[in-house]
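To start, the structure under review is shown below, and the notes come after it.
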Amino acid sequence: MDWTRGATIGHGSSAAVSIAMSRCSGEIFAVKSVELSQSEFLQKEQKILSTLSSPYIVCYKGYDVTRENNKDMFNLMMEYMPDGTLTDEIQGGPLNEQLIGYYTKQIIHGLNYLHSKGIVHCDIKGHNILLYKTGAKIADFGCARSVDQAKWNGGTPMFMAPEVARGEEQWFAADIWALGCTIIEMATGASPWTTVNHSPASLLCHIAFSGQIPEIPKFLSSQARDFLSECLRRDPKQRWSAKQLLNHPFLEQSDSNSKINEDFITSSPTSILDQRIWNSVEESETVEDSRQTISSMDSPLQRVTKLCMESGKLEWRWDESWSTVRNCSEDKEEMMSI
């Protein structure tokens, strides 16, 4: 594809995201780019995303390698979602319950699809849910993996299931726990566990070993609270599956085809001038969460201790600085070679 790169609109774990336009068709899309020599995670994301096709998953457009500023760049091309992330919308204030149900139903549809394909996302949170006029779509598959791979991969500590924090397993149920945390994020305007008065290091140990769950907001309806209780069971075997949650009464009141979020929706740009997407990087750039990579440890306590030590170096605020951790012990031969 012959295309032109526009302004940078965000940063992921190690890659920058830019607006791009096809020179042939004028189509606008997003490009996630990183130097080819450092592209193993982005190549892994491309490999997974290229196998997916769902209205609830950000659409894959292709990939290529370009030479820019004397550097070889690996580029992953994806659907452009002009309304930003779910976290962007939450920063305008907590969402009402009807809108929470609307987005939750779409995320659950996406998770049900992924799990039916044997894929665990491993990093569900507001930052990784993109919005458009059709609603919400799951994005950022840098941590995703097949269930037949290593038992622990990574994620964002605040949204991490207890068994993952202990280094035990990261199967489909871990995505369901993270969904529950994301619903709390939508309802309160803050990340889960913010009511727990602990340092970042001790908080992670609290998630792993305390036996507690994040506080479920009392102002939610009984159906919403029950839905959350099924997502936030500490025993992963007792958590409802995505398929089960789709039949929960909380979602029955949410029609995925409704326009309840009409006030929040903007139209896709009809020309490159509508969104001024070719303006300077300084004018349009938004920076997402900083992230770090850690290795898996021999024991759960060792792993949590290491995770605590590394995470303690960051400013643990709810909005921008939650770190994503990744298991770097995976076989690099699985990465696509160029």
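Index from 1, following the sequence.
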For Ala136 and Leu131, which heavy atoms make the closest approach, and how far apart are they?
CB-CD2, 3.8 Å
Intermediate values then yes/no, side chain to side chain contact (heavy atoms under 4.5 Å, CB included), Asp140 and Leu130:
CA-CA 9 Å; Asp140 197 336; Leu130 299 182; over 6 Å; no
Which atoms form the tightest heavy-atom contact between Ile184 and Pro217, and what is the distance?
CG1-CD, 4.2 Å
Give a yes or no on whether the backbone of Ser22 and the side-chain of Glu27 come within a donor-acceptor separation of less than 3.5 Å.
no
Would the distance check show the side chain of Glu97 and the main-chain N or O of Ala224 forming a donor-acceptor pair, the cut-off being under 3.5 Å?
no
Intermediate values then yes/no, side-chain hydrogen bond (donor to acceptor under 3.5 Å, both in side chains), Asp64 and Trp3:
CA-CA 11 Å; Asp64 67 6; Trp3 56 279; 2.8 Å; yes
Spell out, as yes or no, whether a donor-acceptor pair under 3.5 Å connects the side chain of Tyr113 to the backbone of Ser53.
yes
Decide side chain to side chain contact (heavy atoms under 4.5 Å, CB included) for Glu79 and Lys137; before the verdict, give the C-alpha distance in whole Å, the side-chain angles of both, and the deciding distance to 0.1 Å.
CA-CA 10 Å; Glu79 172 183 16; Lys137 296 190 179 188; 2.9 Å; yes
Please report the shortest heavy-atom distance between Cys231 and Gly180, naming the atom on each side.
CB-CA, 3.9 Å
Passes side chain to side chain contact (heavy atoms under 4.5 Å, CB included), Glu35 versus Met73? Steps please.
CA-CA 4 Å; Glu35 284 190 49; Met73 303 295 293; 3.9 Å; yes
Ile138 CD1 to Leu49 CG distance, which is reported to the nearest 0.5 Å:
11.5 Å
To the closest 0.5 Å, what do you measure between CZ (Phe159) and CD1 (Ile207)?
10.0 Å
Phe29 to Met78 - nearest heavy-atom pair and separation
CB-O, 3.3 Å
Apply side-chain hydrogen bond (donor to acceptor under 3.5 Å, both in side chains) to Gln46 and Tyr60, showing your working.
CA-CA 8 Å; Gln46 182 274 331; Tyr60 171 73; 2.7 Å; yes
Once you measure the plane-to-plane angle for His248 and Phe227, does it fall in the parallel (<30°), tilted (30-60°) or perpendicular (>60°) bin?
perpendicular
Report the relative orientation of the aromatic rings in His206 and Trp193; use parallel for angles under 30°, tilted for 30 to 60°, perpendicular for over 60°.
perpendicular
Taking all non-hydrogen atoms of both residues, which atom of Ile124 and which atom of Ala178 are closest, and how far apart?
O-CB, 3.5 Å
Looking at every non-hydrogen atom in both residues, tell me the closest pair between Asn128 and Asp123 and how far apart they are.
ND2-O, 2.7 Å
side-chain hydrogen bond (donor to acceptor under 3.5 Å, both in side chains) evaluation trace for Tyr103 with Glu89:
CA-CA 12 Å; Tyr103 287 145; Glu89 183 159 335; 3.1 Å; yes
If only atom types and distance count, is the side chain of Glu45 paired as donor or acceptor with the main-chain N or O of Phe141 below 3.5 Å?
yes
May I have the step-by-step check of side chain to side chain contact (heavy atoms under 4.5 Å, CB included) for Gln170 and Arg145, ending in yes or no?
CA-CA 10 Å; Gln170 190 163 18; Arg145 64 170 180 81; 3.5 Å; yes
Atom pair CD/CG of Gln223 and Asp226 - distance to nearest 0.5 Å
8.5 Å
With no hydrogens and no angle check, is any side-chain donor or acceptor of Thr85 less than 3.5 Å from a backbone partner on His127?
no
Please check this pair: side chain of Asp175 against backbone of His121, looking for a donor-acceptor N/O pair closer than 3.5 Å.
yes
So if I apply the salt bridge (Lys or Arg N to Asp or Glu O under 4.0 Å) rule between Arg166 and each of Glu168, Glu163, Glu169, which one comes out positive?
Glu168
